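Structure first, commentary second.
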Amino acid sequence: MPEPKLLLRGARVVDPASGRDEVADVRVERGRITAVGAGLDPAGAEVMDCDGLVLAPGLVDLHTHLREPGFDHKETIETGTRAAALGGFTAVAPMANTDPVTDNAAVVHEVRDLGAQAGLCDVFPVGAITKGLEGESLAEIGEMVAAGVRVFSDDGRCVPSARVLRNALTYARAFEDVVLAEHCEDASLAEGGQMHEGYHSYSLGLRGQPSEAEEIVVARDLAVARLTGGRIHLCHLSSARSVELVRRAKAEGIRVTAEVTPHHLTFTDDDLVTYDTNFKVNPPLRTADDRDGLRAGVADGTIDVIATDHAPHAVEEKEAEFDGSPPGTIGLETALAAVLTELVEPGIVPLARVIDAMSPLPARILGAAGHGGPIEPGRPANLVVFDPAAEWTVEVPFASRSRNSAFLGRTLRGRVVHTVLRGALTVANGKPTR
Ligand code: NCD
Ligand code: ZN
């Protein structure tokens with residue numbers, strides 16, 4: 001692939017890793033940033049005028065479902081990483097709930113190789129914690145660490161027993177920088193739940209699952225992290241009380257990080273009144289108080305990371321009856337715009353905090369050393385350029401193979417213009433280049 005010299009001229013450079021927030025030019029050559037500053041020499045470079053645009057480190061998604069191998073009628077690594085590039089991502093971490101499950105090094109290599117072949121986004125596979133996601137014996141964690149995996153998760157399912165989680169956290173401590181990411185859901189309380197349990201579940205006649213299904217496991221996991229000294233990451237928190245538990249645990253020095261999705265920052269259980277299955281997600285959308293608690297958690301850094309939980313499902317799957325349709329919304333193509341619209345535009349969270357939550361922090365957790373900035377000479381050129389003022393309405397077609405977006409029909413503010421992966425444009429002027 002040709003790697004032209006690029007001069008990204010006159011953008012507002014927002015780089016949380018260096019603290020830079022100023023208008024500057026950025027020059028890119030042979031895959032790397034070679035200069036950052038005012039009035040750089042354009043000689044020999046393709047000049048992209050970025051006046052009025054924001055330039056930031058390429059986004060990093062810590063929680064993505066790319067579905068391959070096994071479910072390529074929902075998504076493939078190629079279609080999913082194209083959606084990611086369009087959303088401004090330069091790295092994604094696909095979850096292990098594929099078929100076969102990513103519970104050994106062979107599947108890790110397969111997923112990573114398919115990502116490299118597509119060449120649209122760096123792919124950092126997440127390994128399973130337990131074999132086959134069965135929650136019993138540990139997966140080939142050591143072998144996967146040797147293959148470069150840093151994040152392990154049984155996402156889609158919770159590690160069912162504190163004992164198994166204790167063993168996994170104790171084992172993982174032997175490896176530097178390894179983190180276990182938990183989908184916090186007590187199966188006995190959540191079972192059969194179609195949405196958040198509360199006023200709306202009663203009035204809609206849908207079976208609910210209470211916030212406590214999440215909070216009980218958050219509390220348990222924090223206790224097991226304290227016991228073992230291991231590192232835990234809590235996926236897609238949905239309840240304000242979960243955020244409070246994490247806040248206290250951090251104050252106590254427990255090694256925990258946490259994540260929230262753009263859809264949990266935007267919607268509430270009130271949105272399910274249309275029975276639109278695109279709002280059926282796991283964990284469920286909860287109350288406005290929960291959403292506000294999640295927003296406050298992002299604002300004060302209790303919630304470290306914003307991750308998409310991009311969960312593609314085929315049209316016929318999502319068109320089934322509410323009870324029979326699988327949970328999940330796609331999110332890669334709308335994540336940045338959703339967060340800019342819901343958090344930055346109304347002044348709830350500053351832009352630099354949002355970028356930090358979508359790039360440097362997830363890059364650090366993932367061990368994705370070439371991502372997340374700083375935007376400085378010598379660093380790999382993984383960058384996003386977006387227009388913070390552009391308004392657009394979310395509609396089909398998507399680059400994703402699926403179209404189950406909770407954001408369909410919504411008008412958002414903020415749009416990705418260019419995405420640069422190791423010096424090459426994967427998206428130019430809002431269009432994929434390949
Ligand atoms: C995820 C999926 O479809 O794989 N769905 C979802 O609603 N988040 C699995 C999961 O995390 O429950
Ligand atoms: Zn999950």
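In this text, all values refer to a predicted model and were calculated from it rather than measured experimentally. Whatever order the structure lists them in is the order used to number ligands and atoms, beginning at 1.
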Requested in this report: Return yes when at least one N/O/S atom of H63 is nearer than 2.8 Å to the Zn ion (ligand 2), and no when none is.
Outcome: no
Query raised in the report: Can you find an N/O atom of V281 closer than 3.5 Å to an N/O atom of ligand 1?
Result: no
Query raised in the report: Would you call H236 a ligand 1 contact, heavy-atom distance under 4.0 Å?
Result: yes
Query raised in the report: For D155, is at least one N or O under 3.5 Å away from an N or O on ligand 1?
Result: yes
Query - Distance-only side-chain donor-acceptor flag, T393 / T411, under 3.5 Å - result: yes
Report task. Identify the heavy atoms of S359 and L59 that sit nearest to each other, and give their distance. Result -> CB-CA, 4.3 Å
Query raised in the report: Is the distance between the Zn ion (ligand 2) and the nearest N/O/S atom of H236 smaller than 2.8 Å?
Result: yes
**Report entry** R67 to ligand 1, any heavy atom closer than 4.0 Å
**Finding:** yes
Requested in this report: Answer yes or no: does atom CD of E316 have more than 12 heavy-atom neighbours from other residues, nucleotides or ligands under 6.0 Å?
Outcome: yes
Query raised in the report: Can you say whether the rings of F267 and F407 are parallel (under 30°), tilted (30 to 60°) or perpendicular (over 60°)?
Result: tilted
**Report entry** N/O/S atom name from D155 that is nearest to the position of the Zn ion (ligand 2)
**Finding:** OD1
Query raised in the report: Does the side chain of D186 come under 3.5 Å of the side chain of S188 through a donor N or O and an acceptor N or O?
Result: yes
Report task. Could you please spell out the steps behind the salt bridge (Lys or Arg N to Asp or Glu O under 4.0 Å) verdict for E212 and R241? Result -> CA-CA 9 Å; E212 283 76 3; R241 283 191 299 260; 3.1 Å; yes
Query - Protein residue, atom and distance nearest to atom 8 (N) of ligand 1, heavy-atom basis - result: D309 OD2, 2.7 Å
Query raised in the report: Heavy-atom distance to atom 6 (C) of ligand 1: which of T64, N282, D154 wins?
Result: N282
Report task. Assess K280 for proximity to ligand 1: is some non-hydrogen atom of it under 4.0 Å away? Result -> no
Query - Options C158, P327, G331, ranked by nearest heavy atom to atom 5 (N) of ligand 1, top entry - result: P327
Requested in this report: From the options H264, H65, H183, select the one residue that forms a ring-ring contact (aromatic ring centres under 6.0 Å, His included) with H236.
Outcome: H183
Report task. Decide, counting backbone as well as side-chain atoms, whether E185 has an N, O or S atom less than 2.8 Å from the Zn ion (ligand 2). Result -> no
Report summary line: Applying ring pair (Phe, Tyr, Trp, His ring centres under 6.0 Å) to Y199 and not counting sequence neighbours gives none
